[in-house]
Amino acid sequence: QKEVEQDPGPLSVPEGAIVSLNCTYSNSAFQYFMWYRQYSRKGPELLMYTYSSGNKEDGRFTAQVDKSSKYISLFIRDSQPSDSATYLCAMRDNDYKLSFGAGTTVTVRA
Amino acid sequence: GAVVSQHPSWVICKSGTSVKIECRSLDFQATTMFWYRQFPKQSLMLMATSNEGSKATYEQGVEKDKFLINHASLTLSTLTVTSAHPEDSSFYICSAYGASTRNEQFFGPGTRLTVL
């Protein structure tokens, strides 16, 4: 079993729809949870960063962490074609080494 | 956000040759840099952790004599792929963090290596 599970998709939605992404994990020591966006042939870009359980909102993006269920989510409201990318969840404990999910490829259709 | 650069952005080399990839933190001092490898449609796999002034720590299954890492300054780490073979063809990405990044990692744009 992988330490971090993420459905690779692909996920295709019409412009304006809500994109819902999620990951599950097995290591209860993880305390820091991140979502990265990666465009083709580019390095990952940090989107959201959450410590422990709870919700965090930044513009059209909302990140949720439920440590009791070992489940994290990212929601993108009013999706735009420019949101088309691969979204990677990542998490770590105090060791600073990140464990990544497989990434979900999202296409927002105009 | 903090900026990390990589050079070159892509490289093609012949089998058996060595290739050096540079990772630089442009606007902060990086106490630690990480090197990842990413195959097509797969996630990032950590290869090694590099702390300034000390030897790199390699992940299980990564050959340290094949992937030489040097972190000689707080703004530069290099990865040298020695005696490259076609199976080493991949997308290599570095990340860096330091006190000013609140210890969160920022990623470089990646280097695409193709070994013929």
Side-chain angles (χ1 to χ4, degrees), chain A residues 1-11 21-25 27 30-52 56 58-59 61 63 72 84-107, chain B residues 1-11 21-26 30-51 56-60 62 89-99 101-114:
Chain A
Q1 181 189 8
K2 292 181 182 178
E3 201 168 39
V4 181
E5 297 277 0
Q6 182 179 8
D7 186 342
L11 184 63
L21 305 166
N22 58 78
C23 292
T24 59
Y25 62 95
N27 189 343
F30 288 145
Q31 297 187 59
Y32 301 86
F33 304 90
M34 280 72 73
W35 285 95
Y36 288 86
R37 177 173 62 194
Q38 186 177 25
Y39 293 111
S40 180
R41 299 174 182 265
K42 300 290 185 184
E45 170 194 9
L46 180 64
L47 277 179
M48 299 287 284
Y49 162 79
T50 309
Y51 170 69
S52 195
K56 186 173 184 178
D58 184 2
F61 298 88
I72 70 170
S84 298
T86 296
Y87 291 81
L88 297 152
C89 65
M91 47 200 78
R92 65 173 179 86
D93 54 22
N94 289 322
D95 190 19
Y96 296 107
K97 288 201 297 187
L98 291 174
S99 293
F100 281 90
T104 301
T105 300
V106 174
T107 300
Chain B
V3 181
V4 176
S5 70
Q6 279 184 243
H7 178 80
S9 56
W10 60 271
V11 57
I21 302 170
E22 293 184 349
C23 177
R24 293 181 185 274
S25 56
L26 298 185
T31 50
T32 302
M33 290 183 170
F34 298 91
W35 286 95
Y36 296 85
R37 182 164 55 182
Q38 185 177 34
F39 291 106
K41 299 190 183 300
Q42 294 187 27
S43 191
L44 283 75
M45 298 300 296
L46 180 65
M47 298 175 67
T49 303
S50 169
N51 292 301
T57 302
Y58 291 81
E59 295 299 300
Q60 192 173 11
V62 178
S89 299
S90 188
F91 194 50
Y92 292 86
I93 306 174
C94 71
S95 70
Y97 77 80
T101 69
R102 299 182 183 180
N103 294 327
E104 289 314 314
Q105 295 181 38
F106 286 83
F107 286 81
T111 296
R112 182 159 302 280
L113 170 64
T114 300

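Chain A is the first sequence line, chain B the second, and so forth, proteins listed ahead of strands; every chain is numbered from 1.
In terms of modelled atom types and a separation under 3.5 Å, the side chain of B:Gln38 and the main chain of A:Gly43 share no donor-acceptor contact. A donor-acceptor distance shorter than 3.5 angstrom exists from the side chain of B:Ser43 to the backbone of A:Gly101, with no hydrogens or angles considered.
Contact annotation: the side chain of A:Leu98 never approaches that of B:Phe34 to less than 4.5 Å [non-hydrogen atoms, C-beta and beyond]. You'll find the side chain of B:Gln105 stays beyond 4.5 Å of the side chain of A:Met34, heavy atoms only. Within the 4.5 Å cutoff, side-chain heavy atoms of B:Ile93 are placed close to those of A:Gln38.
Heavy atoms closer than 4.5 Å to chain B are found nowhere in A:Glu45, neither backbone nor side chain.
In terms of heavy-atom pairs under 4.5 Å with chain B, the best-connected choice from A:Tyr36, A:Tyr32, A:Tyr39 is A:Tyr36.
Here the NZ-CD distance, from A:Lys97 to B:Glu59, works out to 3.5 Å after rounding to the nearest 0.5 Å.
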